[in-house]
Structure formats: C-alpha cells, structure tokens
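Input: a single structure, listed below in structure tokens.
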Amino acid sequence: MCYNYQKWADYQERTATKLSEDWKAHNDNEPTGIEYLQRKDMLTVAPGSNYAIPDYSTDHNTIKAQCKQVIVQDSWRMAFAKDEAEFDSILKEMQDTVKGLGFDEVYAVDEQNCKDKLASYEAARQ
C-alpha cells in the first residue's frame, strides 16, 4: 500500500485538470512522469560517488548572471513578438549578446563538469 496520498487513484481523479488529462493522453495514460518512465524501464539509479561540482569562478558567476538577465528579458520579448520575423530577430540578438558576454566559456565549464561527473559515476559502478 502506498502511503503517499497523491498517488491514490481517488485523489488523482478528484484533482484531475485539463492539463493532467492531456498529460495522460500523451503518455500512455500514466498519471505522472515517474510512472511512465518506470513502466518503460527508462529509470536508473545513479551510483554513489564522492564527486562534487566545483564552484564557478567569480568571472563565470558574473557571466552566468548577465546571460540569465538577457535570456529572461529577451524570452519575454520573443513571447510577445508580433510575428515570426520579429521573434527571429530578437532570438538572433539574444544569441549574439550572450555569446559576446562569454556564454561559451561558461558552457565549456559546465560541459567539462558533466564529463567529470559521468566519469565518477562510471568509476563508482566498477
């Protein structure tokens, strides 16, 4: 018996919304993503590891904060663009701006951190 009331069928029926019904319709009638992934055998447990993602440098923290500000602001502008041409123009401007701020540097750091984390998981599996 599951003690999490949110998993009970009667609770899910009483709290169903159009969004949850749409989710189920597109995901083999599974009420949540976890159930869907479990049934499809698409879940795995990450092995224990002593890996910790290192802190960003002060420079990278600054770049990340500046890029976030630009991305949030321009995403809102794109959401309210009058047409696809304006949307594409704002997107291009946003991409150029964040690249100019150093987005690629931060991305490279994040990419290396992911590789290092994956390597530590693979080592822990052995």
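The local environment of CG in Asp55 is sparse, with at most 12 non-hydrogen atoms from other residues, nucleotides or ligands closer than 6.0 Å. Heavy atoms of other residues, nucleotides or ligands lying less than 6.0 angstrom from CD of Glu93 number more than 12. Summarising the local packing, CG of Asp83 is surrounded by more than 12 heavy atoms from other residues, nucleotides or ligands at distances under 6.0 Å. More than 12 heavy-atom neighbours from other residues, nucleotides or ligands sit within 6.0 angstrom of CD on Gln6.
For the pair Arg77 and Asp74, the tightest heavy-atom approach, listed with the atom from each and the gap, is NH1-OD1, 2.9 Å. Gly48 approaches Ala124 most closely through the heavy-atom pair O-CB, 3.1 Å. Residue Leu43 comes nearest to Ile34 through the heavy atom pair CD1-O, 4.2 Å, listed as atom of the first residue, atom of the second, then distance. The nearest pair of heavy atoms linking Asn113 to Ile53 is ND2-CG2, 3.6 Å.
Note that OG1 of Thr44 and OH of Tyr121 are 10.5 Å apart. Values are rounded to the nearest 0.5 Å. With rounding to the nearest 0.5 angstrom, the NZ atom of Lys92 is 3.5 Å from the CG atom of Asp96. Atom NZ of residue Lys68 and atom CG of residue Leu101 lie 15.0 Å apart, to the nearest 0.5 angstrom. Put simply, CD on Gln69 and OG1 on Thr97 are 11.5 Å apart, with the number rounded to the nearest 0.5 Å. Expressed to the nearest 0.5 Å, how far OG of Ser75 lies from CE of Met94 amounts to 5.0 Å. With values rounded to the nearest 0.5 angstrom, Ile71 atom CD1 is found 11.5 Å from Gln66 atom CD.
Both Tyr107 and Val98 are assigned to one and the same hydrophobic cluster, defined by single-linkage of ILVMFWY side chains at heavy-atom distances under 4.5 Å. Val70 and Ile63 end up in different hydrophobic clusters when Ile, Leu, Val, Met, Phe, Trp and Tyr side chains are linked at under 4.5 Å. Note: the hydrophobic cluster containing Val72 does not contain Leu91 (ILVMFWY, side chain heavy atoms under 4.5 Å, direct or indirect links).
Residues passing the side chain to side chain donor-acceptor pair (under 3.5 Å) test with Asp104 are Lys99, sequence neighbours excluded. Checked against side chain to side chain donor-acceptor pair (under 3.5 Å), Lys64 has the following partners two or more places apart in sequence or in another chain: Tyr56.
Ion pairing of Asp22 with Lys18 is absent here, as no side-chain N (NZ or NE/NH1/NH2) approaches a carboxylate O to less than 4.0 Å. Look at Arg14 and Asp10 and you find a salt bridge, because one of the NZ, NE, NH1 or NH2 atoms lies within 4.0 Å of a carboxylate O, short of that distance.
No option in Gln95, Met78, Gln73 other than Met78 meets the side-chain contact (heavy atoms from CB on, under 4.5 Å) test with Ile90.
In this structure the side chain of Ser20 reaches within 4.5 angstrom of the side chain of Thr17, judged on heavy atoms. Side-chain contact check for Glu105 versus Asp59: every heavy-atom pair is 4.5 Å or farther apart. Residues Lys24 and Gln12 form no side-chain contact, since every pair of their non-hydrogen atoms from C-beta on lies 4.5 Å or further apart. No side-chain heavy atom of Gln112 sits less than 4.5 Å from a side-chain heavy atom of Val109.
Applying the ring-ring contact (aromatic ring centres under 6.0 Å, His included) test to pairs two or more places apart or on separate chains, those with a residue in residues 8-44 are Tyr5-Tyr11.
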